[in-house]
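I have placed the structure first, in the form of structure tokens, so that the comments after it can refer back to it.
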Amino acid sequence: MVILPNKSNCSHVVSAKTIMYHGCMINKSKPIVSISDFVMKFGTTTVIDSLSFEIQKGETFGLLGSNGSGKTTIIRALLGIYSPTSGSLLVGDKPFSVDGAIKLGYLPEERGLYKKEKVIDAMVYFGQLKGMQKSEARQWSLDYLERVELGDKAKTSIDKLSGGQQQKVQLGVTVMNNPDLLILDEPTKGFDPVNRRLLMDIIEEHQRKGTTVIFVSHHMEEVERLCDRVILLKDGNKAAYGSIEAIRKEYDNKTLDELFIEIYGHKESDV
Amino acid sequence: MYNLSTVIKFEIMRTIKRKSFWIVVASFPIILALVATVIFFSNKSTGQAIQDVQNESFSIGYTDKSNLIDSDLTDKLSAKPISDKASGVSQVQSGSLDAYIYYPSSISSQQVEVYGQDVGIFKNSRYNAVATTLLTESVSSTVDDDIKQVLGGNVDFDSTTYRNGEVSDAIKELIAPGIFLVLFYFLIAVFANQMLNSTIEEKENRVIEMLLTTIEARTLIIGKIISLVLLGFIQGTLILLPGLIGYFALGSQLSLPSIDLSSIPLDPERILIGFIIFSISFIMFTGLLVAIGAAVPTAKEAGQFFGIVMTFIFGPLYAAPLFISAPDSPVVQTLTYFPLTAPIPLMLRNAVGNLSLMEAIIGTVILLITTAVIIRMAVRIFQFGALEYSRKLSLKEIFGRKA
């Protein structure tokens, strides 16, 4: 085993087959996500051009890129919402399916809930869709709502909640099935500082449990803090791919912020 | 079909919990009761008013060139004969007479002229009422009761028709299979908007992406269609049940006309065909409206397509007499076999008994294939249109994209 240099606030212990991360053994031999030769075209526009990368089980992976670089397209194709033009996108060892073995928690960039429904009804519905028993989903939801100080809002319709309260409910729905793979697409977008803190706590909790996290973000500080490895997309392909340390070394130990500006140019760094 | 039952339960429960569902259920009996009450009081007040007018004493003059008016009757009304029309009209104009009636020499070719003081829209009708009563009563007194009945159109008929040597009643035979036509019309009229909006809600709430990672689009759409069909039956039952209970429990006390259910002929073949066509048609239009909802970004835009669909569904009703009198005409045949117009002609022709078994089978197969295609299309549109939050999908996009 080799002890890697510290990456921000955590240490890694690596062997040929496993990574020790936050006390969890990560199986390195079998990637949880494998994308190979992925091409995505919309009409005559090629959004993703022969992209290949893997995400290891248990790691937190950053998917970075400027606006329109294809981050959300990759996630949507990975989850079967878009059909790829060509290539293979596997979750586990097969294309993602809702009834597959790997439990998914997905916080999409475009997010919302059934606004006319009561908080508890919407949460229980999604819990059931994610494979939980009704009673289990109900109990989990009530406990979660207590935790995020929304215990008294369980029977309130969602449209009566403030934006911040709705974000908390959305987060709960995302993680309520204790996912194996947590995909967070621009998770802090529109979040107030309190909910951003809650989100970070939740991500860290799941990291400790060994959940694989795919983190799509423009906030380089958060990426550096949370992610083991990242991929930076440019023009539908990878501009950089690997551990944050390795990428920084390659770019003269620049911070990710500086790196982002160098790759995408000043105009796009304000995203 | 992983999670299908969860979707169906959720869709049904959340609709049933809505106030709008119960408002629709409650509004039908309330509206019917209000209409019945208005008609009842309107009829009563009209009849009463005419009676009051006839009983009211006012001065009448008349000229009888027809020689039909019975002088005994005019005496009872204290109506005074006036020799010429100009004098009668003049007396009314001067106010010395309330009304003047001029009966011309030929009632069949000339009009009876009535002149009177203006005493308001409703009370002015008393003059015509008196003129009519005088004439009909005078003529009636000259003929016997049978002729009176014939002239009054009050003759009762009892018809018996035979088919293959057996007594048959085309009107009564229409009732059982015709119920499906009425039910179809009613359910589409009440539910069409809800069907159209069932997928728009997800789109407007930006909930689709989360849904598509927990459930297949096919399962969601089929779940929605099944729940809408079930909700249609639930709402239909809730609306009809109180009426039926009220009829059988209170019918005799309210003097409602009695219906002898045992006298309604039940033709199992026509009832079965009616049920099958009704069921497939309802599912087909549910699928079509769900598909339209999935293709457009907002309820407002969906509304533009609503009228087109309704025209296809109910437009054939304008040709209803043709379906009965000329079932083999090209227009009827075209409407019967064109999938979007087929339900009404098929159900109506089945009800009146001019839809052959072969036509029913062909029509059913056409509807089945169309329903399958529409549901497939709805799933495809939902998949591709789900993330189009601000524009509607073009046909090229729907059919051009790789599945």
Side-chain angles (χ1 to χ4, degrees), chain A residues 40-43 72-73 75-86 91 96-100 102-118 121-122 124-134 137 155 157-159 166 169-170 173-174 176-177 179 181 183 185, chain B residues 1-21 194 197-220 223-224 227 297 299 379-380 382-390 393-394 396-397 400-403:
Chain A
M40 188 79 207
K41 291 181 182 177
F42 292 110
T72 299
T73 301
I75 299 298
R76 286 177 177 171
L78 179 68
L79 298 179
I81 297 169
Y82 287 159
S83 299
T85 307
S86 64
V91 176
F96 174 78
S97 68
V98 294
D99 53 349
I102 291 172
K103 289 189 285 180
L104 174 75
Y106 177 41
L107 184 67
E109 187 183 8
E110 286 281 359
R111 59 191 72 133
L113 290 164
Y114 289 99
K115 291 206 180 341
K116 298 285 176 197
E117 298 309 305
K118 289 176 185 167
D121 291 343
V124 169
Y125 178 51
F126 275 102
Q128 286 184 285
L129 290 181
K130 288 170 176 232
M132 297 169 84
Q133 291 298 314
K134 190 175 182 180
K155 290 187 177 174
S157 70
I158 290 171
D159 59 358
Q166 289 185 28
V169 176
Q170 187 97 43
V173 168
T174 304
M176 68 188 301
N177 60 331
L181 176 61
I183 300 178
D185 192 352
Chain B
M1 288 288 174
Y2 177 69
N3 273 329
L4 181 64
S5 62
T6 306
V7 174
I8 294 170
K9 275 184 212 159
F10 178 73
E11 292 290 337
I12 289 177
M13 289 312 294
R14 76 186 182 123
T15 305
I16 286 177
K17 283 178 188 171
R18 282 181 189 162
K19 282 180 192 163
S20 57
F21 179 86
Q194 192 174 323
N197 285 314
S198 69
T199 45
I200 291 176
E201 192 184 354
E202 266 102 2
K203 200 177 263 197
E204 288 183 335
N205 286 337
R206 301 287 195 268
V207 78
I208 284 181
E209 214 167 336
M210 283 187 76
L211 271 178
L212 287 178
T213 55
T214 53
I215 186 168
E216 287 178 350
R218 186 173 58 122
T219 311
L220 184 70
K224 276 180 176 292
S227 59
V379 173
R380 196 178 170 84
F382 187 78
Q383 273 178 318
F384 296 142
L387 302 175
E388 298 293 352
Y389 295 117
S390 57
L393 283 182
S394 67
K396 190 182 168 191
E397 285 173 300
R401 281 197 199 176
K402 204 175 105 181

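For a residue to count as touching a neighbouring chain, one of its non-hydrogen atoms must lie under 4.5 Å from one of that chain's; by this rule A:Glu117 touches chain B with the side chain only. For B:Leu4, no part lies under 4.5 angstrom from a heavy atom of chain A. Residue B:Lys9 does not touch chain A at all, counting heavy-atom pairs closer than 4.5 Å. For A:Asn177, no part sits under 4.5 Å from any heavy atom of chain B, backbone or side chain.
At a threshold of 4.5 Å between non-hydrogen side-chain atoms, the residues A:Val91 and A:Leu181 count as touching. A:Asp121 has its side chain out of reach of B:Arg14: every pair of non-hydrogen atoms, C-beta onward, lies at least 4.5 Å apart. Side-chain contact between B:Thr219 and A:Val98: absent, with no pair of heavy atoms (C-beta onward) separated by less than 4.5 Å.
Checked against ring pair (Phe, Tyr, Trp, His ring centres under 6.0 Å), B:Phe10 has the following partners two or more places apart in sequence or in another chain: A:Tyr114, A:Tyr125.
Contacts with chain B were tallied for A:Leu104, A:Leu79, A:Leu113; A:Leu113 has the most, counting heavy-atom pairs under 4.5 Å.
Residue A:Lys116 places its NZ atom among 12 or fewer non-hydrogen atoms of other residues, nucleotides or ligands, all under 6.0 Å distant.
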